[in-house]
Amino acid sequence: MPRDESGILSEIKKGYIIRQLQEGKRGDGRTLEQFREATIKIDYIKRAAGSAYVELGKTKIVAGIKVEAGSPFADTPNQGVLTTNVEFLPMAFPTFESGPPNEASIEVARVVDRGIRESKMIDIQALVIEPAVKVWIVFVDIDVIDYDGNLIDACTLGAVAALRSAVVSGSVVGKEDFKLPVRNTPVSVTMVKIGENIVVDPDLEEEQISSGRITVTTSEDGRLKAMQKGTTGSFTLDEIKKAISTSINVGKHLREKHLS
Amino acid sequence: MGTQSDIKLIEENGLRLDGRNPGDLRPIKIEAGVLNRADGSALIEWGGNKVLVSVYGPREAYPKHNQDINKAIVKARYNMAAFSVDERKRPGPDRRSIEISKVLSEALESAIMVEQFPRAQIDVFIEVLQADAGTRIAGLTAAAVAIADAGIPMRDFVTGCTAGKVNDKVVLDLSKEEDNFGQADLPIAILPKSKKIVLLQMDGDLSLEEFDTATSMIINAISRINEIQRNALSAKVKVDDAGGE
């Protein structure tokens with residue numbers, strides 16, 4: 001996660017956040033396991049096959065799906081292709097720069113991608129036009145437009161919502177339009193460690209004072225599909241196990257509220 | 001994970017294709033101080049993996065705007081040699097190796113006493129010469145030895161191991177076939193003394209029970225792997241003493 005290199009977070013504020021946490025409270029009044037208010041608008045971009053505008057607290061992203069016909073990978077001739085890219089736009093944060101993806105945005109994209117891929121959300125076997133010759137390539141592109149923490153979950157929510165709503169225009173290969181074959185709804189839940197506490201859906205200030213981040217992506221049936229520990233810092237095995245059960249519980253709620 | 005999970009990877013007698021039990025590691029060999037120029041180095045051979053690690057630093061961080069006034073920055077660069085895999089790997093960083101470099105840097109920084117070296121940079125070059133599944137963990141395990149070989153103070157070793165699932169069974173230290181056609185992959189790295197987890201990634205499909213089995217297998221293996229790390233370092237120190245270089 002990018003840090004605010006201008007060091008805006010004062011020591012006083014840091015101390016305040018940590019003291020609040022000791023009493024089980026967060027700076028913005030949330031409980032430790034509470035997500036910020038999320039708003040998802042689907043079909044936000046009419047030119048995309050599917051799209052979603054997501055606000056997670058003050059973090060804002062736009063996800064768009066484009067589907068094109070193309071060649072399959074040589075080692076998977078009977079599968080469509082799914083690819084995920086995340087752009088940290090310079091408008092989103094003072095230290096975000098334009099240019100090719102950096103390690104932070106690549107990490108976010110790959111963790112989002114892993115959750116979608118491993119949960120088998122999209123039936124890529126159903127995306128074959130002509131075996132070994134032509135398949136559908138599904139591009140998930142995400143613009144980060146306002147950054148206030150927890151991009152992994154904001155981007156996963158956006159990508160999943162956009163994919164669920166996506167309609168492929170089949171006319172380019174002489175077929176009828178069809179909805180992307182969706183079989184599962186993965187949800188990621190990201191937590192950070194602050195002192196001895198683990199908090200769900202960190203905002204930027206919480207990310208800045210945290211030591212260790214863990215993302216757990218689960219499927220509808222509550223199984224583990226992807227995990228990623230990130231940033232410097234460490235977790236005990238018990239903390240990881242607790243994070244997993246938190247992800248299952250919180251994820252179930254998010255799925256019911258936003259993705260059903 | 002792989003495309004097919006119906007390939008038979010465990011025999012009727014419960015053994016894996018290479019004859020291992022579910023909780024067995026492949027053979028691991030580490031040698032410290034294998035390079036002349038680098039401040040520290042190590043070569044690990046783990047199953048069919050051959051990974052070379054060299055360490056430079058702490059040295060002044062460059063470019064200067066990367067300097068941290070409070071601590072050293074740790075830059076691990078994971079790279080696969082063009083000849084390390086069956087089909088030639090195009091040289092240079094791809095998205096996978098950039099992500100791996102990031103999580104390896106973060107894992108190592110969690111163990112190194114970076115606060116002792118403000119404005120400095122510690123470079124850790126991890127070169128996968130021959131890949132055989134579990135390269136990131138092999139590289140990280142060797143990197144800890146190379147950093148110690150460079151004399152850089154650490155809170156603890158960093159020791160990694162992978163577990164996964166094949167044919168619905170949880171197994172330790174996936175082989176290439178198990179990695180390609182398995183159902184889950186869970187690389188973890190731990191500070192062996194405190195048992196703190198500094199790297200954890202997972203993809204595939206695991207239930208909570210399978211996760212518990214996998215992590216206890218890994219934690220059990222970590223002490224064995226750490227022993228090999230320690231032996232590699234003390235062997236190097238003995239050679240240095242005898243040779244008087």
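Not measured: the values here are computed from a predicted model. Basis for what follows: all heavy atoms, side chains included, without hydrogens, waters or symmetry-related copies. Naming convention: chains lettered A, B, ... in sequence-line order (proteins, then strands); numbering from 1 in each chain.
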- Query: How about A/Q228 and B/E99: do any of their side-chain heavy atoms sit closer than 4.5 Å?
  - Reply: yes
- Report the distance from atom CD1 of B/I112 to atom OG1 of A/T232, rounding to the nearest 0.5 Å. 10.0 Å
- Task: Output yes when a side-chain donor or acceptor of B/E106 lies under 3.5 Å from a complementary backbone atom of A/T231, and no otherwise.
- Result: yes
- Applying a strict 4.5 Å limit to non-hydrogen atoms, the region of B/L186 in contact with chain A is side chain
- Item | Structural part of B/E87 lying under 4.5 Å from a heavy atom of chain A | neither
- Task: Against chain B, label A/N85 side chain, backbone, both or neither, depending on which of its atoms sit under 4.5 Å from a heavy atom there.
- Result: both
- Whatever's closer than 4.5 Å to a heavy atom in chain A on B/V103 counts as side chain
- Looking at side-chain heavy atoms only, is the closest gap between A/L224 and B/D205 below 4.5 Å? no
- Distance (rounded to the nearest 0.5 Å) between A/T236 OG1 and B/K196 NZ: 7.5 Å
- Does NZ in B/K71 sit with more than 12 non-hydrogen atoms of other residues, nucleotides or ligands closer than 6.0 Å? yes
- Distance col, row B/S110:OG vs A/K229:NZ, nearest 0.5 angstrom, shows 4.0 Å
- Crowding at NZ, A/K252 (>12 non-hydrogen neighbours, <6.0 Å): no
- Atom CD of B/E227 with >12 non-hydrogen neighbours under 6.0 angstrom: no
- Scored by heavy-atom pairs under 4.5 Å with chain B, the best of A/G233, A/G230, A/S245 is A/G233
- Below 4.5 Å from any heavy atom of chain B, which atoms of A/I124 appear? Answer side chain, backbone, both or neither. neither
- Can you establish whether the number of heavy atoms outside A/D221 located under 6.0 Å from its atom CG is more than 12? yes
- Does B/E115 CD have over 12 foreign heavy atoms under 6.0 Å away? yes
- In Å and rounded to the nearest 0.5 Å, what is the NZ to CZ distance from A/K241 to B/F211? 7.0 Å
- Query: Do B/R95 and A/P101 have side-chain heavy atoms sitting under 4.5 Å apart?
  - Reply: yes
- If you measure from CD1 on A/I244 to CG on B/L206, what distance do you get to the nearest 0.5 Å? 8.5 Å
- Query: Between B/Q201 and A/R114, is any pair of side-chain heavy atoms under 4.5 Å apart?
  - Reply: yes
- Query: To the nearest 0.5 Å, what is the distance between CG (B/L199) and OG (A/S234)?
  - Reply: 12.0 Å
- Query: Hey, are the side chains of B/M202 and A/K225 touching, using non-hydrogen atoms and a 4.5 Å cut-off?
  - Reply: no
- Query: Of the backbone (N, CA, C, O) and the side chain (C-beta and beyond), which part of B/I219 lies under 4.5 Å from a heavy atom of chain A, both, or neither?
  - Reply: side chain
- Message: Is any side-chain heavy atom of B/I190 closer than 4.5 Å to one of A/L237?
- Response: no
